[in-house]
Amino acid sequence: MNDDPFARVREALAAGRAAFAGADDPATLVAAEQAFLGKKGRVPALMDLLKSVPAADKAAFGKEVNILKAELTALYAARKAELGARVAAPAAPEVDLTLPGRRPEHGSLHPLTQTARDIVRVMNTLGFEETDGPQVEDEFHNFVALNIPADHPARDEADNFYLDDKRLLRSQTSTIQVRTLMARKPPLRVTAVGRVYRPDTVDATHHYMFHQVEGLAVDEGLTMADLKATLLSFVRALYQEDVEIRLRPSFFPFTEPSAEIDVLFPGRGWVEIGGCGMVDPAVFHACGVDPERWSGFAFGCGVERLAMRRFAVPDIRRFTENDARFLKRLA
Ligand code: DAH
């Protein structure tokens, strides 16, 4: 340390300025204040030195020490105010750039959406154009034009979601056959996937809301052979497996003849996936299509059934529960 007391004051001033300017947090600032202005700090120590300064220099030295004290006190106060303002300001979030990034969660298509899209894509390759129709339908499109008479059990109030006297939530996508036949001129081939509603008791294989895929082809000279070939191509393309199909005689008011469609999956049994048939002339009549000239085939399948087979889902309720674990597994 310098023996010249004036030099020691200058040193203390330089060191104090640096210490207060460099104090970046409250703890460091308090330490600096202690080191210079505190009872055992450098400024009181210099004041003590006054006693040993020669009488001639006492006044000048005392003045220097007072200036030193005043400046450091001011510096301390200013720095304290600055740090206080910084503490009061909202702290910037701490970013640790060395941490690994957070992987964003990817969304995925619902298994029914995946299935519906695949159905439409496969039907497109077979020449069927996608179309659609409303879920709120009237009796004409849901029943009358489909040759379902007023006293038919399918029209029972207990078996349909009627909204009022005339309107209901459609119970089948066959309504789209009527809409297409009335809006377009044959030849035509259309397909539609959509929701249908029936007040069924919910269990592992029934729901009050499910989906159907509808297919309709109208041309000159179409036969059951065209229908069967289309269905076989459809299920083989959808399942990418050498499945077999069989048409089991059945009855639907809007087709004649009518059949149930069964699919044979290798190693498993026959599974019914829907109904089909040749468009009944009564339907053509109702929609203004000449049955003498045109013939057509149609089919309708349950999309949940197709998806349950495809994804090995044993319970139809899984599709509407929105359980993320289930949906992720089938993503
Ligand atoms: N609409 C019928 C149902 O919901 C299924 C069906 C059968 C559709 C025969 C058709 C068909 O297009 O030709 O049970």
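Counting starts at 1 for both ligands and their atoms, following the listed order.
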Ring-ring centroid check Phe265 Tyr239, cutoff 6.0 Å: yes
Establish, yes or no, whether a centroid distance under 6.0 Å links the rings of Phe61 and Phe6. yes
Have Asp159 and Ser171 got a donor and an acceptor in their side chains that come within less than 3.5 Å? no
Assess, by modelled atom type and distance only, whether the side chains of Glu214 and Gln177 contain a donor and an acceptor separated by less than 3.5 Å. yes
For Ala116, the side-chain contact (heavy atoms from CB on, under 4.5 Å) test, sequence neighbours excluded, returns Val193
Those residues with a heavy-atom separation under 4.0 Å from ligand 1 are Gln172, Ser174, Gln177, Arg198, Gln212, Glu214, Phe252, Phe254, Thr255, Gly275, Cys276, Gly277, Ala298, Phe299, Gly300
Criterion side chain to side chain contact (heavy atoms under 4.5 Å, CB included) against Val243, the qualifying member of Arg236, Arg309, Arg268: Arg236
